[in-house]
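In this text, all values refer to a predicted model and were calculated from it rather than measured experimentally.
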Amino acid sequence: MAGLAGIVLAGALLASGRRALIDAAAVEPFRVEVATPHAPAPDGRWSGRVLPPELAARAVVRIDGAVQTGPEGHELEDMSGGAWSIALGDAPGLRLIEVELPRRGGTEVATDAALVGPFSERWDGAPACGAAVRVAGAAIDRLVLPPLREKLLAAASTISLLGPETALEEASVRLEGDALWVRVALAGSHRIGVSAKLEVRVAGPRQLGVRLAALGPVEFTGSLRTKTTLGAAALGAAITGPLAPLGGLAGYALADGYIDRRAREEVETQLSAALAVASAIPLIPERAELIVGEPRSRASLAFCAVAIESGGVAAHLSLRPDKPDPKTSEEASRVRTRLAAIPGPVQHGVALPPLRPVAPTGDAEVELTIDTIDALLDAWTANGLLGDLMGRAQWVERVDAALGEWTTLGLAGIEVRLPPSLSPGTGDGWALTVAGLRLGLTGIESEDPGEVLVAGRGFVRPHYDAARGRISLAGSIDRLRLSCARAGALWPCFGALLEMGDVAARLDAQLAPGAAGLPGIEVRALLREGTQAVRAGGLELADLAISYPTPGVLRVAAEVR
């Protein structure tokens with residue numbers, strides 16, 4: 001009897017256990033419904049609905065790692081039916097949104113991202129002046145004047161009044177009071193000395209206008225002057241007869257004064273004409289490839305303002321990435337899709353420091369605002385360059401090889417749907433948020449997980465590789481999340497990939513200085529190419545230092561030889 005009771009009890013337990021398994025299988029999995037995963041938030045809010053609704057009371061929402069319990073910059077509204085609406089604050093850029101559900105076996109996390117504006121125009125409207133260049137007066141004396149002296153001497157030797165044996169006695173430039181003070185003295189068959197004050201202004205997108213503001217004494221001596229003045233003295237003496245001494249002196253003075261006036265008029269005419277020609281010469285290229293050999297990295301350059309002081313010459317410029325120029329209908333379709341998904345470059349409203357003081361710490365300085373860099377990242381995402389640069393750095397192959405060490409999953413590709421977002425830091429770098437990275441996984445044996453999306457936050461700073469003459473980004477990842485998405489719903493997936501594969505540490509290794517994991521700019525090659533007019537072969541970069549003079553502004557100071 002006892003045995004029969006035991007069998008009945010065991011059967012009941014098996015039946016109830018089977019029912020429990022069936023009921024457990026029928027339980028609705030944790031997920032978060034959103035309008036569009038990893039997308040812009042035009043109203044500055046993120047809205048999501050936790051399913052099943054009864055889990056909403058246990059879920060925790062984090063924005064950029066901070067728990068949202070009400071105040072501290074975000075507004076959390078607990079709506080009915082498990083729906084939430086969160087104000088994302090005024091700071092522009094990507095927000096990492098994590099909805100955490102504590103479980104006995106560990107926390108489940110569904111991750112979304114929202115892109116907050118304001119957004120700037122991509123291609124139209126007045127160009128933002130987000131770049132600055134400063135050149136020290138000492139560097140001008142050392143690097144620019146020597147080739148100018150050579151060109152001046154070569155041109156002077158062809159002038160008949162000077163002759164082929166002409167020597168350059170002096171050629172100097174002094175920077176003072178918003179003007180260039182120039183002194184030139186040439187000695188050949190005759191000697192000519194000129195001093196002038198030149199004013200500089202922006203004359204066009206690529207030109208700086210130079211105007212003759214004042215002409216100093218013009219010195220002209222030599223055999224021609226002597227012959228002319230002595231001849232005039234003899235003529236004056238012959239005409240005046242008894243008053244020959246006075247007549248000769250008067251004739252000499254009149255001839256000498258005439259020569260001075262004619263020499264001054266001639267110098268002023270020729271100098272003004274030469275300055276007009278010089279003002280029409282483009283000083284910067286209309287477009288420059290920021291990544292040498294990659295047309296999609298081209299950006300248009302234009303002068304905004306210029307200033308001169310004793311310390312050097314400074315100019316503000318606009319740097320605007322070119323519009324995408326797809327060569328095939330397939331790529332054109334991809335570009336349209338990317339542009340439609342991104343409202344434009346995020347605009348922080350960071351302005352460059354004033355043109356003064358213009359004295360740089362090195363031979364030359366270049367400053368870029370965070371808005372300029374975000375505009376480049378936006379354009380390079382739209383035209384596919386950012387994804388291709390990741391491909392050239394073999395991100396897919398490296399991750400795929402790492403996965404193959406411990407799992408049957410593999411990585412076939414990475415699609416970049418949203419540009420990385422930068423935020424001003426407080427120290428020696430900027431905060432970085434990435435989202436909208438779609439992984440193409442292989443070897444999935446279970447049900448199709450939908451889109452596998454990556455989002456994360458970290459820290460990034462430019463690093464200069466002196467051996468290669470290249471500035472690239474280096475940094476680290478603090479938070480990294482994977483989520484799957486389908487039909488407007490997000491849910492946790494492949495969490496073990498991040499933990500068991502130690503993905504965060506592997507990414508940090510790829511982002512370490514010198515690892516070439518992120519795209520870079522060949523600054524040494526750019527300097528050589530951009531200074532061909534100054535010297536054959538261009539100028540050579542000797543050293544480079546990176547700093548942050550104000551939040552949101554990056555400064556690169558260079559020593560040039």
Worksheet entry | Side-chain heavy-atom pair Arg524, Glu540 within 4.5 angstrom cut-off | yes
Worksheet item: Quick one: does Val452's side chain get under 4.5 Å of Cys484's, heavy atoms only?
Response: yes
Worksheet item: Looking at Leu377 and Pro420, what are the two nearest heavy atoms and their distance?
Response: CD1-O, 3.7 Å
Worksheet item: Could you go step by step and tell me if Val523 and Val556 meet the side chain to side chain contact (heavy atoms under 4.5 Å, CB included) rule?
Response: CA-CA 10 Å; Val523 290; Val556 178; over 6 Å; no
Worksheet entry | Rounded distance [0.5 Å steps], CZ in Arg95 versus CZ in Arg457 | 8.5 Å
Discussion item. Would you say that Leu490 contacts Val99 through its side chain, given a criterion of any heavy-atom pair below 4.5 Å between the two side chains?
Written reply: no
Practice prompt. Just do the salt bridge (charged side-chain N to carboxylate O under 4.0 Å, His left out) check on Glu331 and Arg338 with the steps written out, would you?
Written response: CA-CA 11 Å; Glu331 179 56 25; Arg338 297 187 194 109; 3.3 Å; yes
Worksheet item: Excluding sequence neighbours, so at least two apart, what forms side-chain hydrogen bond (donor to acceptor under 3.5 Å, both in side chains) with Arg211?
Response: Glu199
Discussion item. Using the rule given for side chain to side chain contact (heavy atoms under 4.5 Å, CB included), can you reason through Val553 versus Leu368, listing the C-alpha separation, both sets of side-chain angles and the distance that settles it, and then say yes or no?
Written reply: CA-CA 6 Å; Val553 175; Leu368 296 173; over 6 Å; no
Worksheet item: Which pairs with one or both residues in residues 542-551 pass salt bridge (Lys or Arg N to Asp or Glu O under 4.0 Å), sequence neighbours excluded?
Response: none
Item to complete: Determine, step by step, whether Glu365 and Arg134 satisfy the salt bridge (charged side-chain N to carboxylate O under 4.0 Å, His left out) criterion, reporting the C-alpha distance in whole Å, the side-chain angles of both residues, the deciding distance to 0.1 Å, and the verdict.
Response: CA-CA 5 Å; Glu365 288 179 350; Arg134 296 183 178 91; 3.7 Å; yes
Can you give the donor-acceptor pairs under 3.5 Å from side chains of residues 280-290 to other protein atoms, not counting sequence neighbours?
{"residue": "Arg287", "atom": "NE", "partner": "Asp322", "partner atom": "OD1", "Å": "3.3"}
{"residue": "Arg287", "atom": "NE", "partner": "Asp322", "partner atom": "OD2", "Å": "2.9"}
{"residue": "Glu289", "atom": "OE1", "partner": "Gly293", "partner atom": "N", "Å": "2.8"}
{"residue": "Glu289", "atom": "OE1", "partner": "Glu294", "partner atom": "N", "Å": "3.4"}

Practice prompt. Rounded to the nearest 0.5 Å, what's the gap from CZ on Arg122 to NZ on Lys323? Could you check?
Written response: 11.5 Å
Practice prompt. Only counting residues at least two apart or in another chain, list the ones meeting side-chain hydrogen bond (donor to acceptor under 3.5 Å, both in side chains) with Arg31.
Written response: Glu28
Practice prompt. Would you indicate whether the side-chain heavy atoms of Val346 and Phe119 approach each other to under 4.5 Å?
Written response: yes
Worksheet item: So how far is it from Ser423 OG to Trp430 CH2, rounded to the nearest 0.5 Å?
Response: 10.5 Å
Discussion item. Using side-chain heavy atoms (C-beta onward) and a distance below 4.5 Å, is Glu108 in contact with Trp491?
Written reply: no
Discussion item. Working to the nearest 0.5 angstrom, can you tell me the gap between Ile97 CD1 and Thr111 OG1?
Written reply: 9.5 Å
Discussion item. Whether Arg417 and Glu451 form a salt bridge (side-chain N of Lys/Arg under 4.0 Å from carboxylate O of Asp/Glu) is what I want to check.
Written reply: yes
Discussion item. Determine whether Leu422 and Val460 satisfy the following criterion, side chain to side chain contact (heavy atoms under 4.5 Å, CB included), listing intermediate values before the conclusion.
Written reply: CA-CA 9 Å; Leu422 297 172; Val460 67; 3.6 Å; yes
Review item, side-chain donor-acceptor pairs of residues 383-390, under 3.5 Å, at least two apart:
{"residue": "Asn383", "atom": "OD1", "partner": "Leu385", "partner atom": "N", "Å": "2.9"}
{"residue": "Asn383", "atom": "ND2", "partner": "Arg296", "partner atom": "O", "Å": "3.2"}
{"residue": "Asn383", "atom": "ND2", "partner": "Ala379", "partner atom": "O", "Å": "3.4"}
{"residue": "Asp388", "atom": "OD2", "partner": "Arg296", "partner atom": "NH1", "Å": "2.8"}
{"residue": "Asp388", "atom": "OD2", "partner": "Arg296", "partner atom": "NH2", "Å": "2.8"}

Fill in: Sidechain N-carboxylate O distance under 4.0 Å for Asp325, Lys327
yes
Worksheet item: Below 4.5 Å, heavy atoms only, C-beta onward: do Leu198 and Val173 meet side chain to side chain?
Response: no
Practice prompt. List for me each residue that meets ring-ring contact (aromatic ring centres under 6.0 Å, His included) alongside Trp46, sequence neighbours excluded, and say none if there are none.
Written response: none
Item to complete: Would you mind reporting whether Leu411 and Leu441 have side-chain heavy atoms less than 4.5 Å apart?
Response: yes
Fill in: Side-chain heavy atoms of Val313 within contact of Val200, under 4.5 Å
no
Practice prompt. Check Tyr548 against Pro462 and note the closest heavy-atom contact, atom names and distance.
Written response: OH-CD, 2.9 Å
Response to the item:
Smallest heavy-atom separation, Leu418 atom then His38 atom, equals CD1-O, 3.5 Å
Worksheet item: Which is it for Leu319 and Leu376 under the side chain to side chain contact (heavy atoms under 4.5 Å, CB included) test, yes or no, and what are the steps along the way?
Response: CA-CA 9 Å; Leu319 191 153; Leu376 292 174; 3.8 Å; yes
Fill in: Nearest atoms (heavy-atom pairs only) where Ala41 meets Leu88
CB-CD1, 4.1 Å
Discussion item. Quick check for you: to the nearest 0.5 Å, what is the distance between His316 atom NE2 and Leu352 atom CG?
Written reply: 4.5 Å
Worksheet item: So, Asp371 side chain and His348 main chain: donor-acceptor pair closer than 3.5 Å or not?
Response: yes
Worksheet item: If you measure from CD1 on Ile342 to CG on Leu115, what distance do you get to the nearest 0.5 Å?
Response: 8.0 Å
Worksheet item: Closest heavy-atom contact between Leu96 and Ala455?
Response: CD1-CB, 3.4 Å
Discussion item. Quick check against the 3.5 Å criterion: does Arg334 have a side-chain atom that pairs as donor or acceptor with the backbone of Pro326?
Written reply: no
Fill in: Least distance between heavy atoms, Val335 atom then Pro324 atom
CG1-CB, 3.8 Å
